[in-house]
Asker: 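Below is one structure. I have some questions about it.
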Amino acid sequence: MKYNFKKIEPKWQKSWEDNMVFAADDESTKKKFYGLVEFPYPSGAGLHVGHCKAYLGLDAMCRMLRMQDINVLFPIGFDAFGLPAENYAIKTGIHPRIVTDQNIAHFSEQLRKVGFSFDWSRVIDTTDEDYYKWTQWIFLKMFEHGLAFKDKTLVNYCPSCKVVLSNEDSQGGKCDICHSDVIQKSKDVWYLRITRYADKLLEGLETVQFPENIKQQQVNWIGRSTGAFVNFTLSDAEGRQIFGEDGNARKLRIYTTRPDTLFGVTFMVVAPEHPVIDELAGRISNMDAVRAYRSECSKKTEFERTQLVKDKTGVRLEGICAVNPMSGKKIPIFIADYVMMGYGTGAIMAVPAHDQRDYDFAKAFGADIVEVIKGGDISKEAWSGDGEMINSDFLNGYTNKKDSIARMIEVLEERGAGEGGVQYKMKDWAFNRQRYWGEPIPIVHCDSCGYVAVPYEELPLRLPEVENFEPGSDGESPLAKIPEFVNCKCPKCGRDAKRETDTMPQWAGSSWYYLRYIDPHNDKCFADRKKLEYWMPVDHYNGGMEHVTRHLIYSRFWHRFLYDLGEVNTPEPYMKRSAQGLILGPDGEKMSKSKGNVVDPLDIVDAYGADTLRTYVLFMGDYAASAPWNDSSLKGCRKFLERIAGLTDIVTDNEVAELEGPLHKAIKKVGEDIAAMKFNTAIAALMGLINEIYAAGRIGHDQLIAYIKLVSPFAPHIAEEIYEMLGGSGFIAKAAWPEYDASKTVDATIEIGVQINGKLKGTIVIPRDADQAAAITAAREMLGDRLTGNVIKEIYVPGRIVNIVAK
RNA sequence: GCCGGUGUGUCGGAAUGGCAGACGAGCGCGACUCAAAAUCGUGUGGGAAACCGUGUGGGUUCGAGUCCCACCACCGGCACCA
């Protein structure tokens, strides 16, 4: 058969779709498999070769599983809210809806050309109001349960453009647009209280099959640490205690992971934004210097402030002191930007002898350094290792960190000076953007009722039409400029109220999309309970490494929340997660337009065919590893497919005996390798087998059918074509996967290596079931007089090796 | 700095502790051709050989690319996280 991919690929793509070959069956009693890939953002640039790799792995797996009589759900959709469509709208005035629809249509067509076995009847689009209705519904559930709340935060703000800037748009403290100085401004924003789920998200990790590196990244991202909160009393310069307005002693609260070093605390540091400064401004005698330092800090971006290898800066708060609750000593308080407001309490106890940052600060500002753990040389640097506790009263002599920390927490609690506690690096999730093209946040602000939820029956809260997509003045969302949208009645008391005009961030729609695929057209609930119970959890989720912290954690959080609510039946959404490696440009660099090394998958489909693209992408190497694109290697795969087409010219009615063993071995290997995502070796096995077929010069009709079935997950179009030609009934995509006969996967005779003292000397051919004596005899015969000295030991590992130890 | 990962021919990469380099590419040689491309066949780690070869140095083992210890290099993530 001549290989004409231009003819056969569109033919089968159309036929699969016309016959709904890949539609998943919700009513089935068969075993199910839910394979999920990260749905794309439908950018104007179109399908990237990286998308292809991300989807092809599971596509091959799903294609095989369907043939193994498993009910497979393999859906696709579009994560279509986001900035590019909005920026394009600002530039051209074309509504994001129009651009998004165009891009989705284009993307869909491209995906079809690659021959993915998606269930196209379940396509979802996060910007569809029937979809975001449920995104808003889940948000309201969170609001109802106290998980969505509004709080102040500091944002990057350009006073000249009156726009809130992202970190990326305000690098170097300058506005990316007008280059004036960016300031930190306080703003009320929506948060999701993900920190409340931190421990559940950590525990859940132990129940799922994620690769170790992905689990580790999530653990690091959550960043749980245990330690203690300690309250330091404050005094004036003369040592008189300071009382707050409420008459209680004013205290400074800190978090530490090493409360056992309290006797080594010689000063304290608060973050520049710490509220204690304003509160006690009247008592701080050098407020001018403090204010100057704070304004200097506020000009720095997060990036500058967290730059490592930087000299410590700060200002002492003159006029106030703290009292070490253990030693009773009066210690100075500093303001310094090496302490972050966002972690712990925004204040620390400094133990310069045992923390390098505190040590550097103490050296720069002349603070005392008191050693409390033996083992280092504190005249040179801080000692952060273990050792015997000294200068620490009741802790002296402790050598175990755990014990000394536990003892100190006991004493703190006895004296009412503090308590054990836990901290997370993960912060609550800032859940809003001042943008148009996102889900409107369904909240109304009423002067008398506060923040009130839009009633569930009024969902979806639709995006209004706007003329102008530019952000509003003062950094508001474009929605703020539409009075008909903003002005409304309070759902609670009926008085005049104003709508929230911010929209949700891009992460919202993707946090639950895998649930909607299960029941995409349901208008009563986000998905039918029975269907959820059948399909959930997702059996295998593949995507990029760039999403294993944020998206993967966010969606696990939403899912766990829905589980606690009783809305879904599994605590975790994804049983198994994998991540494909990047396809690099031919030059070995990451593909980028500016480098001009981008490979367009549709160019490859045009020139070589989708089957070649598919086979090559999965043959490139370890699926999880990055590898550069190589056109020559691609041509090798094309050659392989032509050789497959050529098999129809050498097919015979009778089976070819000598191919039975190799064929059954391949059935075993290909099946096992696809299941383990080792696509490269599965394809290599198929290439090896075709070499043997051509060496035999012919192949039996049924043998060829079995062979193309093995090929079909990788090159489905040519497989269908040959299957049809050979008289196969229906689609090969639905045909039964071949089964191997274990007895045929082993040869009667085997060739094994013969070693003397572990060094290979030659090989022998022996019956597979030869016993030790027979194997040794054959080996000695082969070695002849090369075997010298006294034989000490003879080792025969059946089917593997003979090793003779001689001296 | 912390956490995780990876180091194998000319290149992409194979190898449940058991013949290192499967498979593909590249390259060499041959066939076909007036010639080239395509195709087919064949060879291809180094070394004349004994042997030597999986980042480096040690160890465990009859036997190590694979397991253990130390180090080096590169990649990814987090990062003044108290």
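What you see is a predicted model, and the numbers here were worked out from it, not measured in a lab. Naming convention: chains lettered A, B, ... in sequence-line order (proteins, then strands); numbering from 1 in each chain.
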Asker: Do other residues, nucleotides or ligands put more than 12 heavy atoms under 6.0 Å from the CD atom of A:Glu212?
Answerer: yes
Asker: Can you see if the side chain of A:Lys678 gets near the phosphate of B:A15 - specifically, an N or O under 4.0 Å from OP1 or OP2?
Answerer: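 The answer is yes; a side-chain N or O of A:Lys678 sits under 4.0 Å from OP1 or OP2.
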Asker: Quick one: the side chain of A:Lys312 and the base of B:C80, do they pair up donor-acceptor inside 3.5 Å?
Answerer: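 It does, because a donor-acceptor pair links the side chain of A:Lys312 to the base of B:C80 below 3.5 Å.
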Asker: Find out whether the Lys NZ or Arg CZ of A:Lys312 is both under 6.0 angstrom from the six-membered ring centre of A:Tyr338 and within 45° of the ring's axis.
Answerer: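 Yes - A:Lys312 lies over the ring of A:Tyr338, closer than 6.0 Å to its centre and within 45° of its axis.
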Asker: A:Trp221 CH2 to B:A79 P: how many Å, rounded?
Answerer: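 Value for this atom pair: 7 Å.
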Asker: Determine the interatomic distance between P on B:C11 and the same-named atom on B:G45; round to the nearest Å.
Answerer: 14 Å
Asker: Provide the distance between the two C1' atoms, one in B:C71 and one in B:G7, to the nearest whole Å.
Answerer: 14 Å
Asker: Determine, for A:Tyr623 and A:Lys53, whether the Lys NZ or Arg CZ falls below 6.0 Å from the six-membered ring centre while staying within 45 degrees of the axis.
Answerer: yes
Asker: Got a salt bridge between A:Lys401 and A:Asp260, using NZ or NE/NH1/NH2 to carboxylate O under 4.0 Å?
Answerer: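 Looking at A:Lys401 and A:Asp260, the cut-off is not met.
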Asker: Restricting to non-hydrogen atoms, name the atom on A:Gly342 and the atom on A:Lys427 that form the minimum distance, rounded to 0.1 Å.
Answerer: O-CE, 3.8 Å
Asker: In which stems does RNA chain B show up, taking only runs of three or more Watson-Crick or G-U wobble pairs whose two distances fall under 3.5 Å?
Answerer: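 Stems (3+ consecutive pairs) listed as B:1-7 with B:72-78, B:10-12 with B:23-25, B:26-31 with B:39-44, B:55-59 with B:67-71.
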Asker: Send over the distance from A:Met545 CE to B:U6 P, rounded to a whole Å.
Answerer: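 Checked: the CE to P distance equals 12 Å.
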Asker: Pick base, sugar-phosphate or nothing for A:Thr549, based on heavy-atom distances below 4.0 Å to the nucleic acid.
Answerer: nothing
Asker: Let me know the distance between CG of A:Leu634 and C1' of B:A25, rounded to the nearest Å.
Answerer: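 Interatomic distance, CG of A:Leu634 to C1' of B:A25: 11 Å.
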Asker: Hey, does the side chain of A:Asn790 reach the backbone of A:Ala806 with a donor-acceptor pair shorter than 3.5 angstrom?
Answerer: no
Asker: Would you indicate which nucleotide in B:A14, B:G12, B:G18 comes nearest to any side-chain atom of A:Thr681?
Answerer: B:A14
Asker: B:G9 and B:U66: how far apart are their P atoms, nearest whole angstrom?
Answerer: 15 Å
Asker: Quantified in whole Å, what is the P atom distance between nucleotide B:U61 and nucleotide B:G26?
Answerer: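 Approximately 47 Å lies between the P atom of B:U61 and that of B:G26.
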Asker: Please state the P separation for the pair B:C52 and B:G63 - nearest whole angstrom.
Answerer: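 Pairwise P distance, B:C52 against B:G63, rounds to 14 Å.
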Asker: Using a heavy-atom cut-off of under 4.0 Å over every strand shown, decide if A:Val805 touches base, sugar-phosphate, or nothing.
Answerer: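 Touches sugar-phosphate only.
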Asker: Base, sugar-phosphate alone, or nothing: which one does A:Gly223 contact when heavy atoms must sit under 4.0 Å apart?
Answerer: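 No contact at all - A:Gly223 keeps every heavy atom at 4.0 Å or more from the nucleic acid.
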Asker: Return no unless some side-chain N or O of A:Tyr343 is found under 4.0 Å from OP1 or OP2 of B:A82.
Answerer: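 Affirmative; the distance criterion is met.
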Asker: Assign the ring pair A:Tyr541 / A:Tyr574 to parallel, tilted or perpendicular, where the plane angle (0 to 90°) is split at 30° and 60°.
Answerer: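 Tilted, since the angle between the ring planes falls between 30° and 60°.
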Asker: Whole angstrom is fine here: how far is it from CD in A:Gln755 over to C1' in B:G63?
Answerer: 6 Å
Asker: Could you check whether A:Tyr191 and A:Trp429 have their ring centres less than 6.0 Å apart?
Answerer: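 Judged by ring-centre distance (under 6.0 Å), A:Trp429 and A:Tyr191 do not meet the cut-off.
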Asker: Considering only side-chain heavy atoms of A:Gln217, which listed nucleotide, B:G76, B:C78, B:G18, is closest?
Answerer: B:G76
Asker: In whole angstroms, how far is the C1' atom of B:G18 from the NZ atom of A:Lys761?
Answerer: 16 Å
Asker: Is A:Asn213 touching bases, backbone alone, or none of the nucleic acid, heavy atoms closer than 4.0 Å?
Answerer: sugar-phosphate
Asker: Phosphate oxygens OP1/OP2 of B:G26: is one of them under 4.0 Å from a side-chain N or O of A:Lys635?
Answerer: no
Asker: Does A:Arg643 place a side-chain N or O at less than 4.0 Å from the phosphate oxygens OP1/OP2 of B:C40?
Answerer: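 Looking at the OP1 and OP2 atoms of B:C40, one of them is under 4.0 Å from a side-chain N or O of A:Arg643.
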Asker: Expressed in whole Å, how much space separates the C1' atoms belonging to B:C74 and B:A82?
Answerer: 32 Å
Asker: Using the P atom as the reference point in each nucleotide, state the distance between B:G43 and B:G21 in Å, no decimals.
Answerer: 15 Å
Asker: On RNA chain B, compare the nucleotides closest to A:Ala685 and A:Lys759; which residue's is nearer the 5' end?
Answerer: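 Comparing both residues, the 5'-ward one is A:Ala685.
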Asker: So which atom in A:Pro352 and which in A:Ala382 form the shortest heavy-atom distance, rounded to 0.1 Å?
Answerer: O-CB, 3.7 Å
Asker: Determine whether the aromatic ring centres of residues A:Phe267 and A:Phe361 are separated by less than 6.0 angstrom.
Answerer: yes
Asker: Give a yes/no answer on whether the side chain of A:Lys639 brings an N or O atom under 4.0 Å of OP1 or OP2 in B:A25.
Answerer: yes
Asker: On RNA chain B, compare the nucleotides closest to A:Ser632 and A:Ile214; which residue's is nearer the 5' end?
Answerer: A:Ile214
Asker: Starting at CZ of A:Arg357 and ending at C1' of B:A79, how long is that distance when rounded to a whole Å?
Answerer: 10 Å
Asker: Calculate the interatomic distance between A:Asn691 atom CG and B:G43 atom P; express it in whole Å.
Answerer: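 Value for this atom pair: 12 Å.
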Asker: Determine the Euclidean distance between corresponding P atoms of B:U42 and B:C34; express it in Å to zero decimal places.
Answerer: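 That atom pair is separated by 25 Å.
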Asker: Within the structure, does a side-chain N or O atom of A:Asn680 lie under 4.0 Å from either OP1 or OP2 of B:A14?
Answerer: yes
Asker: Mind checking A:Glu751 for me? I need base, sugar-phosphate or nothing, with any heavy atom below 4.0 Å counting as a touch.
Answerer: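 Base contact.
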Asker: Base of B:C78, side chain of A:Asn220 - is there a donor-acceptor contact under 3.5 Å?
Answerer: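 For A:Asn220, whose side chain was compared with the base of B:C78, there is no donor-acceptor pair (under 3.5 Å).
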Asker: B:A82 C1' sits how many Å from A:Ile254 CD1, rounded?
Answerer: 8 Å
